[in-house]
Amino acid sequence: MTDYFEVHARDGAARIGELRLSDSVTTPALVDDVLEDAGSLWAAEREMPEGSDDVLTVLPHRSLPAGSADEVRESFAVDYPAVDFPSVATVTADTAADYGSDAYILSDAQGFVGHARAFRDEIIEAKENLPADAALMLSGVATPRNVSLLVYAGVDLFDEKRARARGLEGFYLTNDDEYFLEDLDELPCACAACQKPASEFTRADAADHNANALRAELARVRRRIRDGRLRDYIEGQARHDQWLTAAFRRFDQQYSYMEERIPVIRNTELTAASEESIDRVEIQRFADRVTARYTNRFDNPLVLLPCSAKKPYSESQSHRQYQDAVQYRAHMVSMTSPIGVVPQELELTYPAQHYDSVVTGDWSEDEKSFVAEVLRRYLSRNEYSRIIAHVPPGAYTEIVERVESDLGLDVEYTVSEHPTTTESIGNLMRTLDGEPKYTREEREHNVVKAIADYQLGPGAGDALFEDVELEMTSRYPKLQVWNDEGVQLATMVPQYGVISFTLAGAKVWRDSDAPTKTVEIDGFVPHGSVLAPGVVDADAEIRPGDEVIVDGPRAFAIGRAEMSGTEMVDSTRGVAVEIRHVEET
Ligand SMILES: [Zn+2]
């Protein structure tokens, strides 16, 4: 239970929070000015401090060095009383528990920051043991270079201690490096402390500069979290230190920790610019869902196509040429790095139209293996009468050939030199001679069903939308789904390529065999949003951004999850669900 910390926005494990002191502090942030330490119990018996709304009071504690034996930790564990002022309890990952504090300091941080695996393990263990809505603090470890990764991992509060200490030791820190003061002919910064010639710059100035640089970096990180683009930044920034690169790879290996926290949709671009982009949750999740949830419903041959830089693909010049050649006689699936494969029905679905990758035409072996693996899984699950590969020579063709031989398929190739040459387009057109056309109606039904499968789970499309009418309301398919009695059930939202339900649609969903995501609430009628304390229970499968049914003794509603299901149940503050439609029951 926390009264003095509230999470307002999330980007994976990173969060924008608010320390609700008399002057509120937006986190992640440095808290030197608002932290009051009631002292160590090693030195003396301590009176319980009086506390104040102006500061975060660190309750009397006994810190143990990193690596202390479990028996030692247990016998010296402090029992934290409940207090009614903003408080911080000092714990380690394995003594972490809900003591009712607003924030928790991991006392052995200096032992694991700098070691990728230990850092990941300690942070994940601590986060699992602590309440979801409490702030996590690391003291004496933050530098301008490492703080973005610390935030990415889920840490909220820091202090200037290490940055200042390094300055006094003669080190000048930037967000990408650290220098001996003596080696600087010129100060690579324009902060207030750096407004003097390098020759007059003292260690005390370096301490001030280091703290300024840390503060500036935290401001940048907060901006990135608000934009939902911290990961894009980390992939580049972490390059500047080996352990940071190793650490975020370690977090990628811990897929479930990040997956639970990464939203299913975003309205911002995803930059896939490094070899680690393939391991991002958004990319892996798309590949998983396309190969485990999606089912092809077309009876036509498959045409494999290269992706286009312009998204959605169908609006690119090259894909218009392919469409003109195909003329509704084939199911078009695009191959792309790093997303894998994108069936035409899912070209709007996040992140298929939101990613931007560096197009050099050269794919690394990792990229080729990834796309080949996704294609292999896709073709093992979906059968076609014919498979036509309209892809350029090089990586694309190599991947198709690899999968063709692995699965014992027979693929027809239609490209000579380049997919958009007159000859290649002519080949594609002729090879489909005699194949039946599908109708626009069939295509649109397949779009809403494919999105339902992708979003809700295998079979959802058929369970929900077997007998529906569709209406297209704008040029790019903003499809509305109606039942045969003229009641609207859902809309396909083109910005994210997801289904959003009406109340009537939510009831069809609730009563169907499709997997549902439900938030149970107390006896009230929510207007606008459901706050976490009103949540009685929530499916653990709920991710931020998910469409959710909200059900309670007095209300039935449909809305969008603002946090994961686990966090809704765990939290005492914050918006759990934004409500779209509600009715009293
Ligand atoms: Zn400076």
Side-chain angles (χ1 to χ4, degrees), residues 1-7 10 13 15 17 19-20 27 31 35-42 46 48-49 51 56-113 118-141 150 153-158 254 256-257 260-261 532-533 535-538 540 563-574:
M1 174 76 191
T2 170
D3 288 325
Y4 298 99
F5 185 66
E6 179 164 342
V7 177
R10 294 164 184 78
R15 339 185 267 187
L19 273 178
R20 300 156 64 94
T27 66
V31 291
L35 200 72
E36 205 145 274
D37 192 345
S40 169
L41 290 166
W42 291 123
R46 303 276 175 184
M48 193 44 64
L56 265 179
T57 300
V58 182
L59 299 172
H61 52 90
R62 262 187 215 107
S63 299
L64 290 161
S68 301
D70 288 350
E71 309 82 75
V72 177
R73 285 169 196 262
E74 260 165 51
S75 64
F76 287 105
V78 176
D79 203 15
Y80 292 105
V83 293
D84 57 4
F85 52 83
S87 70
V88 187
T90 306
V91 296
T92 60
D94 52 35
T95 65
D98 187 356
Y99 293 107
S101 282
D102 308 287
Y104 294 83
I105 293 184
L106 294 185
S107 63
D108 50 355
Q110 293 174 38
F112 62 74
V113 168
F119 171 69
R120 176 199 66 187
D121 293 347
E122 295 292 317
I123 295 291
I124 290 180
E125 190 183 355
K127 294 287 268 189
E128 274 165 5
N129 291 339
L130 293 172
D133 56 355
L136 181 62
M137 172 159 185
L138 298 185
S139 171
V141 293
L150 303 185
V155 185
D156 306 287
L157 311 178
F158 306 93
Q254 208 68 34
S256 59
Y257 176 75
E260 186 183 333
R261 293 166 169 82
V535 173
V536 175
D537 201 5
M563 51 174 80
S564 72
T566 312
E567 202 173 351
M568 288 179 194
V569 175
D570 235 22
S571 296
T572 50
R573 295 199 81 88

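With sequence neighbours excluded, the residues forming a salt bridge (charged side-chain N to carboxylate O under 4.0 Å, His left out) with R15 are D156, listed by chain and number.
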Result block: side-chain N/O donor-acceptor pairs under 3.5 angstrom for residues 84-93, not counting sequence neighbours:
unit_1, atom_1, unit_2, atom_2, d
S87, OG, S101, OG, 3.1
T92, OG1, R73, NH1, 3.1
T92, OG1, D94, OD1, 3.1
T92, OG1, T95, N, 3.3
T92, OG1, T95, OG1, 3.2

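Separation of atoms OH (Y104) and CG (L138) is listed at 15.5 Å; rounding is to 0.5 Å. Rounded to the nearest 0.5 Å, atoms CG (L59) and CE (M48) are 5.5 Å apart. For the atom pair T27 OG1 and E6 CD, the distance stands at 11.0 Å (nearest 0.5 Å).
The minimum heavy-atom distance linking A132 with E567 is given by the pair CB-CG, 3.5 Å. Taking all atoms of both residues into account, the shortest heavy-atom contact from A135 to L157 is CB-CD1, 3.9 Å. Heavy-atom minimum distance, D37 versus G39: OD1-N, 2.8 Å. The nearest pair of heavy atoms linking M563 to S571 is SD-OG, 4.1 Å. In terms of heavy-atom proximity, A38 sits nearest to P49 at CB-CG, 3.6 Å.
No side-chain heavy atom of R120 sits less than 4.5 Å from a side-chain heavy atom of Y257. A 4.5 Å side-chain heavy-atom check between L136 and I123 finds at least one atom pair inside the cut-off. Using a 4.5 Å heavy-atom cutoff, the side chains of V58 and L35 are in contact. When side chains are defined from C-beta on, R10 does not count as touching R261, because their heavy atoms never get closer than 4.5 Å. Side-chain contact between P533 and R573 is absent, with no heavy atoms from C-beta onward closer than 4.5 Å. Residues I105 and H61 form no side-chain contact, since every pair of their non-hydrogen atoms from C-beta on lies 4.5 Å or further apart. Looking only at side-chain heavy atoms (C-beta outward), V83 and T57 stay at 4.5 Å or farther from each other.
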Taking it one step at a time, do E122 and D108 satisfy side-chain contact (heavy atoms from CB on, under 4.5 Å)?
CA-CA 9 Å; E122 295 292 317; D108 50 355; 4.1 Å; yes
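Only one option out of V113, L106, V155 pairs with V141 in a side chain to side chain contact (heavy atoms under 4.5 Å, CB included); it is V113.
For CD of E125, the number of neighbouring non-hydrogen atoms (other residues, nucleotides, ligands) closer than 6.0 Å is greater than 12.
Note on ring orientation: taking the six-membered ring where Trp is involved, the planes of Y99 and Y80 are perpendicular (angle over 60°, cut-offs 30° and 60°).
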